[in-house]
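Shown next, in structure tokens, is the structure this report addresses.
Here is how names work: the chains are called A, B, and so on, in the same order as the sequence lines, proteins then strands, and each is numbered from 1. Computed from a predicted structure; not experimentally measured.
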Amino acid sequence: MIRKFMFPEETPAPILSRVEALRELKELGINPYPAVNIEKSGDIAQIKENFEKWEGKRVILAGRITARRIMGKTTFMDLMDESGKMQLYINRDVLCPTEDKFLYNRFVKKLLDIGDFISVEGEAFRTKTGEPSVKVEKIILLAKALRPVPLGKEKEGQKFSALRDPELRYRQRYLDLLVNKEVRELFKTRTRIINAIRQYLDSHGYLEVETPILHTVYGGAHARPFVTHLNALDLTLYLRIADELHLKRLLIGGYEGVYEFSRDFRNEGIDRTHNPEFTMLELYVAYKDYYWMADFTEAMIRNVAQQALGTTQVTYGEHTIDFGKQWHRIRFLEALKEETGKDVRNLSDSQLLELAEKVGVENPEKLPGRFKIIEKIFGKIVEPQLLQPTFVFDFPIEMSPLAKRHREDPTLTERFEVIVAGFELCNAYTELNDPYDQRQRFEWQRKAKAEGDEEAMPYDEDFIVAMEYGMPPMAGLGVGIDRLVMLLTNQHAIQEVILFPLMRPKPVEEYAPSIPYHLLEEPTDAKDAK
RNA sequence: GCCCCGGUAGCUCAGUUGGCAGAGCAGCGGACUCUUAAUCCGUGGGUCGCAGGUUCGAAUCCUGCCCGGGGCACCA
């Protein structure tokens, strides 16, 4: 896996040869890192797409050398830009029409390496085998690569060597992107998904806003926060765990629909569905309830899948998930009753513990409160069965301190979650706007915290005050963007859909040998002296 | 925190019952003017994750540790 490079003098040969080439380039007076402004003829993929139009014309391209096939007086290279690869045909006598063949013999054949950035100019043509190519007449080094880029050779999609190790892929994501085209595509899809959501919300008249990341009081979710400190005010601050309470304040302020793509931070474990920082979409719309929000959510996700992927059907692992069909709708307690045959609210504490044990909840007696146990039971026996998009409505009130009481049952809240492929994708409420009720819920949270629930929400006085000025009835929605991207791209680790997932820090010399720059400073006659 | 799997050349990996540490690609030298995993000839390259132990002898067996991956738990 990761090797140690403790001995700088034992520089791997591929690096030594590149440093040596760099030294020679400098001696020759060739700037290996020139400042340039290149007028590219276009993207390689586009040029190749209508190659008939380009054939016989001069083109200028820039990119990285990804392959090299030296055949004596002719060399083929593959040049890669963001869009694709183009073959370069470098003929000695085309590149060097005069007697001086140095540029070809030394520069092209010896001093250029795979990974170097170059630009070329020449005629677009097809080789005998029909491969779109450029007959190179001019070639400029744009940037020398000192480390071998692990570009695997490839034939018909089959890779012969490449960057596969997940640790190195995440740690050196730039290499992952460079080497693995599908990873580059994946993050484009992520952006398309986010853009599609933004477009959908904008077109419905909702306002994108930015609220603070540094909070003096954190809230809006059950989670432990990251704690930091502001020197200027000698103040403890928290990185936000949600932006809910600020967005609601904005509706108090008169906006009727706001949303934010919120980078949230939760001080919790790291695994394939949890990164310490992640992206959440939150949306709040005045004068609406959670039934309306359910319809809106369903329509939005369906539209986003269609926009970003061109289909509403996605493959996730072994399942085909269809966002296009009408989503299932169930109720939390009814679903539990169907599975267990019991109304969990009527169970005694000991009966509830017994049930929890039976379905595989470990150490339920250690959980802070009945509702946590009920939640676990639900997670064990109901959630894993929900593969197709499913709304779960009406959660017990203890689980939802910011949601409005159910209009028909005061022990429930008007809340739904969307479960897809067995995990939670969305969470939404008819938002609580009764300041007296909200005050009481915060009190319960305060009590829960005192009893050891580390994730209980802190009492936010200012939020209550704001609500006391009058908060419009509203519906709110939260969507885990990373999870949505996972679902839509068939990825099973959150690290795959976050460009730079958090990694345990590691000294670079443990995964990358140091470059022997001293060789560049050596006087040119040093070798002769020896 | 627990369980399973892994760590061998720059990259991807093989390594038999414990018996001289290997291949392909990349590198270096050479040949080659339509190749595309170019080909051919030659060649350098290793703290086998770390530390102990068993053994005449350990990449291989044992113990501990580090790192990673997967699973469980934790995480609405």
Test for a donor-acceptor pair under 3.5 Å between the base of rU35(B) and the side chain of Gln87(A), counting only N and O atoms. yes

Tell me what Thr127(A) touches on the nucleic acid: a base, only sugar-phosphate, or nothing, going by heavy atoms under 4.0 Å. base

Quick one: do Arg224(A) and Arg266(A) satisfy side-chain contact (heavy atoms from CB on, under 4.5 Å)? Show the steps, please. CA-CA 6 Å; Arg224(A) 277 185 282 173; Arg266(A) 297 189 185 175; over 6 Å; no

What's Arg415(A) touching, base or sugar-phosphate or nothing? Going by heavy atoms closer than 4.0 Å. base

Looking at rU35(B), rC74(B), rG10(B), which one has an atom nearest to any side-chain atom of Pro14(A)? rG10(B)

Centre of Phe395(A)'s six-membered ring, under 6.0 Å away, within 45 degrees of the axis: is that where NZ or CZ of Arg415(A) sits? yes

If you only use heavy atoms from C-beta on, which nucleotide in rC34(B), rG27(B), rC11(B) is closest to the side chain of Tyr89(A)? rC34(B)

What about Asn91(A), does its side chain sit under 3.5 Å from the base of rC34(B) through a donor-acceptor pair? no

Want to settle it: does His492(A) or Tyr429(A) sit nearer the 5' end of RNA chain B, counting the closest nucleotide to each? His492(A)

Contacts of Phe117(A) meeting side chain to side chain contact (heavy atoms under 4.5 Å, CB included) (sequence neighbours excluded), chain-then-number -> Arg64(A), Leu142(A), Ala143(A)

For the side chain of Thr74(A) and the base of rU35(B), is some donor closer than 3.5 Å to an acceptor across the two? no

Select one nucleotide: of rG44(B), rC34(B), rG68(B), the one nearest the side-chain heavy atoms of Lys128(A). rC34(B)

Watson-Crick/G-U partner (both atom distances under 3.5 Å) of rG42(B): rC28(B)

Considering heavy-atom distances to RNA chain B, does Pro148(A) or Asp113(A) have its closest nucleotide positioned more toward the 5' end? Pro148(A)

For rA14(B), what is the paired nucleotide under Watson-Crick or G-U wobble rules, both distances under 3.5 Å? none

Think Arg68(A) has a side-chain N or O under 4.0 angstrom from the OP1 or OP2 of rG27(B)? yes

With the criterion being N/O to N/O and under 3.5 Å, what pairs connect the protein with nucleotides 40-43 of chain B, and how long is each?
none

Looking only at atom P, what distance separates rU17(B) and rG24(B), rounded to whole Å? 24 Å

Between P on rU35(B) and CD1 on Ile90(A), what's the gap in Å once rounded to a whole number? 16 Å

Just call it for Arg147(A): base, sugar-phosphate, or nothing, with non-hydrogen atoms closer than 4.0 Å on any strand. nothing

Of the candidates rU33(B), rC28(B), rC67(B), the side chain of Asp93(A) sits closest to rU33(B)

Are any protein N/O atoms closer than 3.5 Å to N/O atoms in nucleotides 29-32 of chain B? If there are, list each pair with its distance.
| residue | atom | partner | partner atom | Å |
| --- | --- | --- | --- | --- |
| rG29(B) | OP2 | Lys110(A) | NZ | 3.4 |
| rG30(B) | OP2 | Lys110(A) | NZ | 3.3 |
| rC32(B) | N3 | Gly72(A) | N | 3.0 |
| rC32(B) | N4 | Gly72(A) | N | 3.3 |

Starting the side chain at C-beta, find the nucleotide from rU36(B), rC67(B), rC72(B) nearest to Arg69(A). rU36(B)

Can you tell me if the side-chain N/O atoms of Arg272(A) get under 4.0 Å from OP1 or OP2 in rG69(B)? no

